[in-house]
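The model shown is predicted, which means the values in this text are computed figures rather than measured ones.
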Amino acid sequence: MTLLSLSMTAHAQQRPQLLPPPPACPPEPALPAPSDGRVAALPPDCPNPPPPPPPTPPSTPSEISYPAYTDGNSVTVRWNGSSGATSYQLYESVNNGGYTLVYQGGALATTLSGKNQSILSYRVRACKNSTLCSGYRTGAQMAVNPRNVVDLYAKYPVLHTLDQRIAAYQSTAPSFRTVVPRAVAHGKGSGGVAARIMGDEQRFYLGDGYDVIRGELKENCLSVDHPQFVINKSPPQQPTTYSITHITDNRHLADVLDVSASAKLGFTDDDFNLGASGEQERYARAVTDESYERFVVKWTQRAEFWRLNTPTDAILPELTRDVLLPGSEPARVDFRERCGDKFINSVNLGATIYIVFTLDTKKYDAETRQSKKGTLGLVIGEIFNGSLAGSISSSNAQQLAEMNVRVHADQVGGPPGLAAGINSTNFNTKYNEFIQGSNINNWSAVDFTTSNYQRPTVYSAYTHDQIFADFTVPFAQARRWLDLTVQQRERCDPYSANSRTVPKQCGTAVTDLGIALDLCRETTDWALCQHPASYYPAFGTLNGQYLLGWLNDNIKRIVSADTTQTYNHHVHKGTLNVNDSTCLAHSYCFVNKFRGSGPGIGKGFTYTQHEYDNPKGSGPVHQLSNSDQCVNTTARLETGGFLGDTTADLDYTMKVEGFCANDEAFSIVQ
């Protein structure tokens, strides 16, 4: 052996041996019990147990929600719980920047305050510990546009004294329940946006101020202790009214539901997030797309009429002296913030109930829709005889059930909470209970009128607009923006009604329409309140774009559509693989899954077979494809060979029904 061989041998002997890892213990076989009754011996412990499975993170929260727009400085974010989670982490992005952790804990909601004007977005994840977390659920963008506020009580100390005089008046004057919310002047208690939240027992007094555009109660600014400040009571002119009305469109619906022009201007996402007025809620619950037929049964009792007479100089002299300053824009803003645009001078006291019958017509063709609408009108007319409702016959009940008519109700005054319990089976008895149970103990303000503030005689040399804020122009613009928000809802709601994903453009529209509307509702922003035809937002997700043009390009109107094709396949001595597609007009269409018949019932298509002679092939198979825009039909046609049937045929018609987006422009109220 050479020296080199000896050296290599020695080196090999010193090298440590690399042994394979011991195998993981296999599962132990069950040991049979000894026949003599002794306990079976346990196997020895496994020296190398298998590693435990890796821990699994909790599931990703299925939803995160927050308003698309707010004019306050805080936002409440909510999310769904996750299986196995012990805590949640919420992250915030400001103006499309990176995400920062803003909340960690076990709650399913948090409120974040102190926000400045910005575009925010949030994402949340569920965690078991600091390192084991789910994926993120990310929400849409939202716009925060805080209102510019002035502490009126710091600026005008006399307001504290005036509050005492008003409180003395309210201690003896009659008050009236209402669905109209009250906004508290800044500096008085919890003023600001949150003050718009309405309580169950919201009340007002004759002489209270009224914000025409917001539809809110303001402070009383009249000389309530003047001897000519007098309240009179008399019988109403129309004690009881009753009607059954078929609704033609959402504008008509607002009129029938007694939604005031002011309340209709409260359609921003922020209003409903904070707590909309009863009028707004009544309207929003019934507003829907054109796939529904609606009837409204309305009964109103006006029991008492109250009217206010005021002196010549009706405004409190302290306000005339300290707040009103002709020609001063800040003075006009401050007076409007405190007192509103008008004051309430009369009210009818009583009760009203609104019962809305809704028929979903997505599954009916035009002729059947008209027939069903007529049937529903007749059934309602038979049940409501005059002002009282009779019993529901078995045939009427069957017709309502077959048409799947939905019923909901709202009330002003009357037995508390009764409307909330009304449904499609008890509406007649509950309606009668409401009529019979309405009395002086539960009456509310079913309607009221307002008067303009009159110029104080000391300022008779000035025009009205030099003293008070002129709301007429921003009110007209706000009405136009409100109507655009209703059209946006009508265009976007059919997606969710048909179990479709709502386009993200709909959320963007909610945000920027809300900003445009608020510019017309806030006195300090009136210089930025513009006609929709000339509005380019200076803030929002569409900053700098022409909003009306963007709406026309991105929020299409959904209309009913259908397409029909006939196919005639013939094979002579051979085979043919059929692969036909019948599609709606374009990629913005989707089938109406409430329609169809035969193999397409509830799938949006109707298959009519005219001839089928297919000796050895397969029958036709139909399936939706292309995002539910098309129906694909496949089959294999095969003849019977030399001695059999030498032809194969498939002749059929496919009709696909659905909805398509068209390029109809938004209409502007003139």
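In terms of the side chain to side chain contact (heavy atoms under 4.5 Å, CB included) criterion, residue partners of V669 (sequence neighbours excluded) are, by chain and number, R251, R479, R480, D483.
When side chains are defined from C-beta on, M654 does not count as touching T564, because their heavy atoms never get closer than 4.5 Å. Counting only heavy atoms from C-beta outward, the side chains of N632 and N579 approach each other to under 4.5 Å. Annotation: side chain of T375 is in contact with side chain of Q399 (closest heavy-atom distance under 4.5 Å).
Without hydrogens or angle criteria, K593 side chain to S499 main chain gives no donor-acceptor distance under 3.5 Å. Of the possible donor and acceptor atoms, one in the side chain of N614 sits under 3.5 Å from a partner among the backbone N and O of R636.
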Which donor-acceptor pairs under 3.5 Å do side chains of residues 542-552 form with protein atoms, sequence neighbours excluded?
from, atom 1, to, atom 2, distance (Å)
Y546, OH, A533, O, 3.1
N552, OD1, F666, N, 2.8
N552, ND2, L548, O, 3.4

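Cysteines C589 and C583 keep their SG atoms at least 2.5 Å away from one another.
Partner of Y91 under the ring-ring contact (aromatic ring centres under 6.0 Å, His included) criterion, out of Y122, Y99, Y136: Y136 alone.
Contact between A143 and I515 at its shortest, heavy atoms only, is CB-CD1, 3.8 Å. The minimum heavy-atom distance between V94 and S118, with the atom names listed, is CG1-CB, 4.0 Å.
Using modelled atom types, one finds no donor on one side chain facing an acceptor on the other under 3.5 Å when comparing N145 with T70. Side chain to side chain, D580 and Q565 fail the donor-acceptor criterion of an N or O pair below 3.5 Å. For the residue pair N80/S82, the side-chain donor-acceptor check at 3.5 Å is not satisfied. In summary, the side chains of T608 and T653 do not present any donor paired with an acceptor at a separation below 3.5 Å, with no hydrogens or angles considered. Residues H408 and N423 have side chains that never bring a donor and an acceptor to within less than 3.5 angstrom of each other. Using a 3.5 Å distance cut-off with no hydrogens or angles, the side chains of D365 and T368 do pair a donor with an acceptor.
Between W79 and Y88, the two ring planes are tilted [angle within 30° to 60°]. Between Y652 and Y607, the ring planes are tilted. Angles from 30° to 60° get that label. By the 30° and 60° cut-offs, the orientation of the rings of F590 relative to F659 is tilted. Aromatic ring orientation, H246 versus F295: tilted (interplanar angle from 30° to 60°).
Stacking of K298 on the aromatic ring of Y354 is not recorded, the 6.0 Å distance cut-off and the 45° axial limit not both being met.
Counting heavy-atom neighbours within 6.0 Å of E367 CD, excluding the residue itself, gives a total of 12 or less. Counting non-hydrogen atoms of other residues, nucleotides and ligands closer than 6.0 Å to OH of Y588 gives a total of 12 or fewer.
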Quiz item: Should S597 and T606 be marked as a side-chain hydrogen bond (donor to acceptor under 3.5 Å, both in side chains) after you check the CA-CA gap, both sets of side-chain angles, and the distance that decides it?
Solution: CA-CA 5 Å; S597 62; T606 298; 3.2 Å; yes
Quiz item: When you look at N592 and N498, which way does the side chain to side chain contact (heavy atoms under 4.5 Å, CB included) test go after all the steps?
Solution: CA-CA 7 Å; N592 179 355; N498 287 276; 4.0 Å; yes
Exercise. Might you work through the ring pair (Phe, Tyr, Trp, His ring centres under 6.0 Å) test for W481 and Y535, ending with a clear yes or no?
Key: CA-CA 11 Å; W481 286 113; Y535 175 68; 5.2 Å; yes
